[in-house]
Amino acid sequence: MLKRLKRRAPAYGMLTLFVAVTVALGGCMVGPKYHTPTQQTPAAYKEVTPDNMKEVDNWKVAQPSDTEMRGKWWELFNDPELNKLEEQVDASNQTIAASYANFMAARALVREARAQLFPTLTTSPSITKQHSSANSGGGSGSGGSGTSSSSSFTNYSLPFDASWVPDLWGRVRNNIRSNVYNAQASAADLENVRLTVHSEVASDYFQLRGQDALKELLDSTVTAYQESLRLTRVLYETGIDSDEAVAQAQTQLETTEAQDTNIGIARSQFEHAIATLVGQPASTFSIPVEPLKTPPPPIPLGLPSQLLERRPDIASSERLVAQANAQIGIAKAAYYPTVTLSAAAGLQSSSFADWFTWPSRFWSIGAAAAETIFDAGLRRATVQQFEATYDQTVATYRQTVLTAFQQVEDSLSSLRILSQEIHQQDSAVNSAQRNLNIATDRYKLGIDPYLNVITAQTTLLTNKQTAVNLHIQQMSSSVQLVEALGGGWDRSQLPSPAQLVAGTPANSAPTGVKSSPQR
């Protein structure tokens with residue numbers, strides 16, 4: 001027995017040494033180290049200057065505590081009906097639900113990749129009853145010349161097989177990182193979808209309220225035109241005016257009534273769109289009529305450098321850059337050999353009574369290495385492919401940042417110019433009203449024809465409609481500015497690698513988990 005152990009000692013020693021070297025090499029990792037791409041950011045927004053602040057309603061220089069929006073950004077508008085609609089979005093919107101499912105799939109891929117770090121253990125117990133043919137020539141002779149006897153036996157087997165491919169060069173770890181970055185990008189995409197849907201609800205809501213305001217304007221105009229028609233009829237019946245004035249007044253009234261009725265089409269469509277966004281059937285959904293009265297709120301802008309942390313689309317694009325960087329490491333790991341450690345052990349016997357006894361044991365252990373000697377440049381081309389993909393994601397990231405600044409500046413300039421235009425339009429409405437009053441008085445005195453009154457009425461209605469539309473546009477631009485600033489989200493809400501592996505984000509469906517991202 002002692003001699004057998006001595007003979008096996010060299011083999012055990014070599015295997016132990018091989019495993020120790022393998023474990024030591026497991027700390028090696030090939031591939032480029034990741035750094036966030038640099039991107040120039042302006043020191044201040046072009047549209048945010050002290051002079052511009054004076055031109056825009058409700059704008060003010062932000063205090064340190066006013067530089068961020070938190071959570072439910074739509075509450076800035078102080079509209080209870082809007083708040084109620086927005087609260088339904090996260091729970092019922094199917095676009096958000098689909099995006100959340102995509103995130104869950106990406107999170108599962110992280111755990112799938114991590115499983116490759118560990119050995120695989122399998123078992124395949126079996127009981128085999130076998131009977132050999134007496135005419136196969138394999139049996140022992142017992143019945144005379146040319147005859148063979150059959151035999152039967154049972155094989156009881158309980159094997160365990162283990163195999164492990166140690167991550168010597170970081171292929172698996174880079175694959176895990178790649179999937180972590182992809183899952184973080186998916187989480188950012190989820191937040192971007194959520195921001196977009198909430199913004200669409202707010203924008204459609206103010207458009208609907210704008211239609212209510214236009215309806216209110218046209219209703220009052222129809223009432224005024226009915227009074228004008230009554231006046232022209234009275235003057236015609238008394239012989240002061242002609243039948244032509246009556247026809248003109250009636251035509252104008254009926255045209256305006258048609259416009260008033262047409263408002264219902266746009267309102268219904270906005271109402272149906274909101275129903276879909278909040279996850280309700282349009283057939284059972286309604287919003288009470290209420291003209292747009294909400295003023296644009298002061299929106300905390302923050303610093304331009306904060307935009308990189310607040311926009312989920314920028315965060316998603318940056319995480320995809322990190323993923324592409326990890327893919328380069330995976331491709332470079334193919335240059336190095338793959339080592340596989342395997343072992344098998346179990347119990348095997350032809351007798352059930354002896355199946356679980358010590359003599360029935362068997363085992364084997366070994367290691368194998370594989371290396372590609374010639375591949376006609378395949379690995380080099382693969383690395384070049386992923387390097388080009390990395391460059392492409394960097395360009396996409398930088399373009400996303402530039403687009404974000406453009407969208408913020410667009411919304412800021414729109415709000416600044418609209419604020420000036422609204423004040424100018426209010427003056428135009430007042431002038432048109434004064435012109436109508438003069439034209440009506442001159443008509444009643446018989447100085448001017450009724451056509452002058454119609455012209456003045458049309459001018460007033462057009463200017464009032466323009467004023468309402470400018471207010472709608474102002475509210476829409478406010479929503480667009482909030483969306484361009486990233487809403488109430490920030491990068492710290494991305495799930496960390498530890499959370500993705502542990503699966504904790506699933507408990508907060510479909511909102512994100514607050515943590516600092518790991519690079």
Side-chain angles (χ1 to χ4, degrees), residues 47 51-60 77-79 206-232 235 241 245 248-263 266-267 289-298 412-479:
E47 290 291 332
D51 291 337
N52 288 348
M53 286 289 183
K54 299 175 183 178
E55 298 175 357
V56 183
D57 295 332
N58 295 328
W59 275 21
K60 62 179 180 179
F77 294 93
N78 196 28
D79 190 311
F206 290 125
Q207 288 284 351
L208 180 142
R209 290 302 183 214
Q211 301 307 308
D212 290 343
L214 289 172
K215 174 71 174 175
E216 181 183 55
L217 170 62
L218 288 171
D219 285 346
S220 62
T221 302
V222 166
T223 301
Y225 288 179
Q226 288 172 341
E227 179 61 25
S228 296
L229 176 61
R230 186 193 65 80
L231 174 62
T232 56
L235 295 178
D241 207 345
Q248 290 173 340
Q250 187 166 1
T251 300
Q252 185 184 38
L253 171 62
E254 292 170 349
T255 300
T256 306
E257 286 175 335
Q259 294 178 11
D260 194 11
T261 303
N262 186 260
I263 290 292
R267 189 191 194 279
V289 174
E290 183 180 342
L292 178 61
K293 304 293 183 183
T294 306
L412 289 172
S413 62
S414 294
L415 286 172
R416 177 179 63 81
I417 295 171
L418 281 169
S419 184
Q420 298 176 20
E421 189 176 0
I422 287 173
H423 287 296
Q424 293 167 348
Q425 188 60 38
D426 289 342
S427 297
V429 169
N430 293 333
S431 297
Q433 182 64 60
R434 179 170 174 271
N435 180 47
L436 175 59
N437 293 339
I438 294 174
T440 301
D441 291 340
R442 291 175 64 86
Y443 168 69
K444 289 179 179 179
L445 295 173
I447 300 175
D448 293 332
Y450 188 71
L451 182 60
N452 288 15
V453 176
I454 291 178
T455 301
Q457 287 176 330
T458 302
T459 301
L460 176 61
L461 176 59
T462 300
N463 279 278
K464 285 185 174 181
Q465 287 176 318
T466 300
V468 172
N469 286 325
L470 288 174
H471 190 193
I472 297 172
Q473 191 175 352
Q474 185 183 45
M475 297 306 297
S476 296
S477 293
S478 296
V479 174

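Of all non-hydrogen atoms in Leu292 and Gly210, the two that sit nearest each other are CB-N, 3.9 Å. The shortest non-hydrogen separation linking Gln465 to Leu218 is NE2-CD2, 3.8 Å. Considering all non-hydrogen atoms of both residues, Gln226 and Leu253 come closest at CG-CD1, 3.7 Å.
Using a 4.5 Å cut-off on side-chain heavy atoms (C-beta onward), Val289 and Glu216 make no contact. At a threshold of 4.5 Å between non-hydrogen side-chain atoms, the residues Thr440 and Gln457 do not count as touching. Considering only heavy atoms from C-beta on, Leu460 stays 4.5 Å or farther from Asn435 through its side chain. For the pair Ser478 and Phe77, the minimum side-chain heavy-atom distance is below 4.5 Å. Put simply, the side chain of Val429 reaches to within 4.5 Å of the side chain of Gln425, judged on heavy atoms. By the 4.5 Å heavy-atom criterion applied to side chains, Pro296 and Met475 are counted as neighbours. Inter-residue side-chain proximity for Thr255 and Gln259 is flagged as met; some heavy-atom pair is nearer than 4.5 Å. Looking at Glu421 and Arg416, their side chains never come closer than 4.5 Å, going by heavy atoms from C-beta outward.
No donor-acceptor pair under 3.5 Å is formed between the side chain of Ser419 and the backbone N or O of Leu415. When atom types are taken as modelled, the side chain of His471 and the backbone of Thr294 share a donor-acceptor pair closer than 3.5 angstrom. Under the 3.5 Å distance criterion, the side-chain polar atoms of Asp212 are matched with a main-chain donor or acceptor of Glu290. Not one N or O on the side chain of Asn262 forms a donor-acceptor pair closer than 3.5 Å with the backbone of Ala258. No donor-acceptor pair closer than 3.5 Å links the side chain of Gln207 to the backbone N or O of Ile472.
For Asp441, the CG atom is densely surrounded, since the number of other residues' heavy atoms within 6.0 Å is greater than 12.
Rounding to the nearest 0.5 Å gives a distance of 9.0 Å between CD of Gln248 and OG1 of Thr232. Taken to the nearest 0.5 Å, the OG1 atom of Thr459 stands 11.5 Å off from the CD atom of Gln433. Rounded to the nearest 0.5 angstrom, Ser431 OG and Leu436 CG are separated by 12.5 Å. In this structure, CD1 on Ile417 lies 12.0 Å from CG on Leu470, to the nearest 0.5 angstrom. How far CZ of Arg230 is from CD of Glu227: 4.0 Å, rounded to the nearest 0.5 Å. Rounding to the nearest 0.5 angstrom, the gap separating the OG1 atom in Thr458 from the OH atom in Tyr225 is 5.0 Å.
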Run the side chain to side chain contact (heavy atoms under 4.5 Å, CB included) test on Leu235 and Tyr450 for me, step by step, so that the C-alpha distance in whole Å, both residues' side-chain angles and the decisive distance to 0.1 Å come before the verdict.
CA-CA 11 Å; Leu235 295 178; Tyr450 188 71; over 6 Å; no
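Considering Asp260, Leu217, Thr261 as possible partners of Val222, the one that fulfils the side-chain contact (heavy atoms from CB on, under 4.5 Å) test is Asp260.
Counted by atom type alone, Asn469 and Gln473 present zero donor-acceptor pairs between their side chains at under 3.5 Å.
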